[in-house]
Amino acid sequence: MSVALFTLGGTIAMAGTDAGGVVTRLTGADLTAAVPGLADIPLDVRDVEAVPSAALAYRQILDLVDAAAAAVDGGATGVVVTQGTDTLEETAFLADLVWARAAPLVFTGAMRNPTLAGPDGPANLLAAVRAAAAPAVRDLGVLVVMNDEIHAARFARKTHSTGTATFASPDAGPLGHVIEGRVRVLTRPPRHAPLPTVGRDRLAAVRVALHTVTLDDDVALLDTLAAGRDGLVVAGFGVGHVPPAFAPALGALAGRMPVVLTSRTGAGSVLRDTYGAVGSERDLRRRGLVDGGLLHPYKAKVLLRLLLAAGADSGAIAEAFARHG
């Protein structure tokens with residue numbers, strides 16, 4: 001039994017500087033040396049790219065997924081990835097959409113850097129490694145393990161800017177917990193089939209915009225935002241509503257590109273057939289917008305970009321969102 005550990009930097013790997021502030025300086029060997037309890041699980045530690053998570057791109061995550069798959073094919077029981085938490089909900093979901101192995105791929109990080117009292121990185125790393133090594137988490141896809149909770153990547157969200165309990169799954173709850181070193185899985189949602197792998201160059205050429213609707217919003221922003229884009233995600237009010245003036249503009253855009261309707265609230269689904277006013281979810285669906293379901297806007301953007309890069313047509317896009325949302 002062994003676990004492959006890939007390190008990408010972030011708060012979990014930061015250290016102080018003489019000039020003040022913290023920067024990524026700790027290697028995978030430094031991280032593991034600081035964690036009591038890891039000695040009983042063999043680790044294959046691989047430092048990938050020590051950058052803040054805000055600097056990551058789809059290409060890097062897809063390359064990492066390929067490397068993780070190779071590690072599993074080479075005998076690893078599971079894989080752990082450490083990175084910054086700022087984009088972790090997006091990177092983990094991106095990985096989940098293409099991860100085809102039964103072995104777990106676990107993302108983790110930290111909210112308190114090692115220069116602070118009570119850094120959470122060591123505990124999160126230990127819990128993530130234990131989860132990756134546990135037979136109980138096989139066939140659950142990509143996971144996020146933080147604060148001794150095990151979350152499905154497709155449900156996990158960062159819900160607080162600084163709190164150590166920031167990662168939650170508002171629509172589903174955690175799949176399980178790590179308790180006294182034991183991995184306890186409480187529920188097993190069905191996995192979706194992975195999306196086809198797309199070429200990195202093709203993916204880089206796809207451009208998807210995201211607009212969050214606000215009170216008394218300016219509809220003219222839509223044309224500017226959508227110019228030169230291949231798709232658009234709209235984060236609407238509540239259950240999927242927009243100002244009345246937005247409805248015809250979004251309908252016109254939906255005739256040119258996929259436009260996905262999501263909710264800006266952070267939890268819950270957009271509706272389909274309840275409200276009927278101009279700018280309501282029924283009106284927008286009639287105008288050709290795609291129902292984003294339970295996917296929040298950031299994850300909807302990840303899914304839409306992958307689908308467009310794979311050449312999916314409008315029917316395939318609607319079907320994929322019905323499945324994943």
Report yes or no: do [X] and [Y] form a side-chain donor-acceptor pair below 3.5 Å?
| X | Y | answer |
| --- | --- | --- |
| Thr27 | Asp30 | yes |
| His211 | Asp217 | yes |
| Thr85 | Lys158 | yes |

Please give me the minimum heavy-atom distance between [X] and [Y], naming the atom from each residue.
| X | Y | result |
| --- | --- | --- |
| Val80 | Ala132 | CG2-CB, 3.7 Å |
| Ala71 | Arg46 | CB-NH2, 3.7 Å |
| Ala131 | Pro104 | O-CG, 4.2 Å |
| Ala92 | Val144 | CB-CG2, 3.8 Å |
| Ala34 | Pro122 | O-CB, 4.0 Å |
| Gly78 | Ala103 | CA-CB, 4.4 Å |

Q) Does Arg305 count as lying over the ring of Tyr58, i.e. NZ or CZ under 6.0 Å from the six-ring centre, within 45 degrees of the axis? A) yes
Does the [X] side chain pair with the main chain of [Y], one donor and one acceptor, at a distance under 3.5 Å?
| X | Y | value |
| --- | --- | --- |
| Arg264 | Val213 | yes |
| Thr166 | Thr159 | yes |
| Arg157 | Gly266 | yes |
| Thr77 | Val3 | no |
| Asp44 | Ser2 | no |
| Asp230 | Arg207 | yes |

Does [X] reach the side chain of [Y], with side-chain heavy atoms less than 4.5 Å apart?
| X | Y | value |
| --- | --- | --- |
| Pro189 | Leu175 | yes |
| Met14 | Thr115 | no |
| Val302 | Leu295 | no |
| Ser53 | Leu8 | no |
| His192 | Arg323 | yes |
| Glu281 | His241 | yes |
| Phe155 | Lys299 | no |
| Leu5 | Thr82 | yes |

Q: Could you walk me through whether Val185 and Val137 pass the side-chain contact (heavy atoms from CB on, under 4.5 Å) test, one step at a time?
A: CA-CA 7 Å; Val185 174; Val137 302; 3.8 Å; yes
Q. Can we say Arg285 and Asp283 salt-bridge, meaning some charged N sits less than 4.0 Å from an Asp/Glu carboxylate O?
A.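 Not counted as a salt bridge, because no side-chain N and carboxylate O are separated by less than 4.0 Å.
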Q | Asp120 bridged to Arg112 by N-O distance under 4.0 Å | A | no
Rounded at 0.5 Å granularity, tell me how far [atom1] in [X] sits from [atom2] in [Y].
| X | Y | atom1 | atom2 | value |
| --- | --- | --- | --- | --- |
| Thr214 | Phe237 | OG1 | CZ | 6.0 Å |
| Trp99 | Leu143 | CH2 | CG | 11.0 Å |
| Ile150 | Ser169 | CD1 | OG | 11.0 Å |
| Leu250 | Leu232 | CG | CG | 7.0 Å |
| Asp66 | Asp63 | CG | CG | 6.0 Å |
| Arg130 | Asp148 | CZ | CG | 9.0 Å |

Q) Can you list the residues that meet the side-chain contact (heavy atoms from CB on, under 4.5 Å) rule with Lys301, with sequence neighbours excluded? A)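 Per chain and number, Lys301 pairs via side-chain contact (heavy atoms from CB on, under 4.5 Å) with Val208, Leu210, Val233.
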Is [X] linked to [Y] within one hydrophobic cluster, defined over Ile, Leu, Val, Met, Phe, Trp and Tyr using a side-chain heavy-atom separation of less than 4.5 Å?
| X | Y | value |
| --- | --- | --- |
| Val270 | Val260 | no |
| Leu284 | Val278 | no |
| Leu303 | Val65 | yes |
| Val183 | Leu43 | yes |
| Leu306 | Val259 | no |

Q.
Check this for me: Asp201, atom CG, are more than 12 non-hydrogen atoms of other residues, nucleotides or ligands nearer than 6.0 Å?
A. no
Q: Could you tell me whether Arg184 atom CZ has more than 12 heavy atoms of other residues or ligands within 6.0 Å of it?
A: no
Q: Taking ring-ring contact (aromatic ring centres under 6.0 Å, His included) as the test, write out the residues that go with Phe6, two or more places apart.
A: none
Q: Assess whether side-chain contact (heavy atoms from CB on, under 4.5 Å) is satisfied between His177 and Leu186, documenting all intermediate values.
A: CA-CA 8 Å; His177 305 266; Leu186 305 179; 3.7 Å; yes
Q | Evaluation steps, side-chain contact (heavy atoms from CB on, under 4.5 Å), between Leu140 and Arg191 | A | CA-CA 7 Å; Leu140 285 176; Arg191 284 186 70 179; 5.7 Å; no
Q: Return each pair, listed once, that meets side-chain hydrogen bond (donor to acceptor under 3.5 Å, both in side chains) where at least one residue sits in residues 135-146; pairs must be two or more places apart or across chains.
A: none
Q: Output, in order, the C-alpha distance, side-chain angles, deciding distance and verdict of side-chain contact (heavy atoms from CB on, under 4.5 Å) for Val178 and Glu149.
A: CA-CA 6 Å; Val178 181; Glu149 292 184 337; over 6 Å; no
Q: Begin with the C-alpha distance, continue with both residues' side-chain angles, and end with the deciding distance and a verdict on side-chain hydrogen bond (donor to acceptor under 3.5 Å, both in side chains) for Thr7 and Asp47.
A: CA-CA 5 Å; Thr7 68; Asp47 294 315; 2.6 Å; yes
